[in-house]
Amino acid sequence: MTINNYFITTFHSFCARVLRQESSYLGLSRNFTIYDDIDSKGLIKSVLTKHGINLKELNPNVVKYFIGNLKNIGFYPGCNKEDIEEEVDRENDFFQYYLEYESQLHRGNAVDFGGLITGVIQLFDQFEDIKKRYQKRFKYILVDEYQDTNRAQFQLLMHLVGHDNGKVCVVGDEDQSIYSWRGADIRNILDFEQTF
């Protein structure tokens, strides 16, 4: 929603809007599909079945959780950031399922919910001119419930704020951080003053 010069949105809605505008840079069309949990789980089942995995022995939700954790830290295929690499276990069989899952999403002109954010992170990592355009557009940023943000959302914020281009204000309370099971990273708020 835009009110005068204010733009009010969620992280995911903002990223969906950016990806619709810049989709061609990532090899997607503007009308890409956003997979919900049911679609994502169905695709994971397909990947596991292709690998001969018995779905009664390996619950697809376990793989879905693994994939979600990768996206919560801001990882995407081709990502090579040292601080993220330390948290990625490429030797885990689930990592291969993740790569195939991402490949099939891309072939199907689709992204999942977490991929909205990692897609924009990838876009900003790879295309400096696009990132600078968005930095100029958003000179002041306010994030509410900051204690519940994950590392991917933190990376997105870092991209938008830049080094000298923007100002950021966050509202949150580390004592109310209850979503670590959903990827929230308390370091985001505890390290805010040091980071910014």
Side-chain angles (χ1 to χ4, degrees), residues 9-20 23 26-29 31-126 143 145-157 159 177-188:
T9 187
T10 65
F11 281 104
H12 291 91
S13 179
F14 169 77
C15 289
R17 181 178 279 205
V18 170
L19 287 180
R20 295 264 185 231
S23 57
L26 297 179
L28 297 168
S29 72
N31 65 342
F32 63 83
T33 302
I34 300 172
Y35 275 25
D36 63 15
D37 281 343
I38 294 170
D39 297 325
S40 294
K41 189 173 177 182
L43 183 54
I44 291 167
K45 285 180 179 179
S46 171
V47 168
L48 294 175
T49 301
K50 182 179 171 186
H51 284 272
I53 305 297
N54 183 337
L55 300 181
K56 291 181 180 176
E57 293 178 16
L58 176 59
N59 186 330
N61 285 325
V62 175
V63 177
K64 187 174 180 301
Y65 185 78
F66 177 86
I67 291 170
N69 282 341
L70 286 176
K71 294 184 180 202
N72 284 339
I73 63 171
F75 185 83
Y76 55 85
C79 181
N80 58 1
K81 298 176 186 173
E82 286 182 29
D83 58 327
I84 294 176
E85 279 295 324
E86 295 171 2
E87 298 183 52
V88 177
D89 181 4
R90 292 176 181 268
E91 301 303 314
N92 188 323
D93 288 342
F94 290 5
F95 187 77
Q96 294 309 312
Y97 306 149
Y98 158 76
L99 291 177
E100 190 166 335
Y101 169 83
E102 286 296 303
S103 176
Q104 287 193 31
L105 274 175
H106 197 266
R107 276 197 303 266
N109 192 43
V111 298
D112 63 13
F113 203 58
L116 292 170
I117 294 177
T118 57
V120 174
I121 292 169
Q122 179 181 4
L123 182 74
F124 290 167
D125 280 346
Q126 296 176 350
V143 180
E145 300 294 343
Y146 190 66
Q147 77 277 358
D148 295 329
T149 57
N150 61 34
R151 292 312 275 183
Q153 292 163 332
F154 170 79
Q155 286 181 51
L156 176 63
L157 185 60
H159 276 304
S177 181
I178 59 171
Y179 291 110
S180 61
W181 58 273
R182 202 170 68 180
D185 193 323
I186 193 69
R187 293 177 295 178
N188 293 352

For this session: Could you tell me whether the side chains of Glu102 and Gln104 share a donor-acceptor contact shorter than 3.5 Å?
Result: no

Exercise. Would you call Arg151 and Asp83 a salt bridge, using N to O less than 4.0 angstrom?
Worked result: no

Problem set entry | Polar contact flag, side-chain donor to acceptor under 3.5 angstrom, Arg107-Ser103 | yes

Exercise. What distance separates Asn59 CG from Lys45 NZ, expressed to the nearest 0.5 Å?
Worked result: 8.5 Å

Problem set entry | Test side-chain contact (heavy atoms from CB on, under 4.5 Å) applied to Phe154 and Asn150, step by step | CA-CA 6 Å; Phe154 170 79; Asn150 61 34; over 6 Å; no

Problem set entry | Pair Ser40-Tyr101, side-chain donor/acceptor within less than 3.5 Å | yes

Problem set entry | Side-chain H-bond candidate by donor/acceptor type, Asp93 with His51, under 3.5 Å | no

For this session: For the residue pair Leu156 and Phe124, establish whether any side-chain heavy-atom pair is separated by less than 4.5 Å.
Result: yes

For this session: Could you check whether the rings of Tyr98 and Phe75 sit parallel, tilted or perpendicular, using 30° and 60° as the cut-offs?
Result: tilted

Exercise. How many angstroms lie between OG1 in Thr33 and CG in Asn31, if you round to the nearest 0.5 Å?
Worked result: 7.0 Å

Exercise. Taking atom SG of Cys79 and atom CG of Asp125, what is their separation to the nearest 0.5 Å?
Worked result: 6.5 Å

For this session: Count the heavy atoms belonging to other residues, nucleotides or ligands that lie under 6.0 Å from NZ of Lys81, then report whether that count exceeds 12.
Result: yes

Problem set entry | Spacing of Asn92 atom CG and Leu70 atom CG [to the nearest 0.5 Å] | 9.0 Å

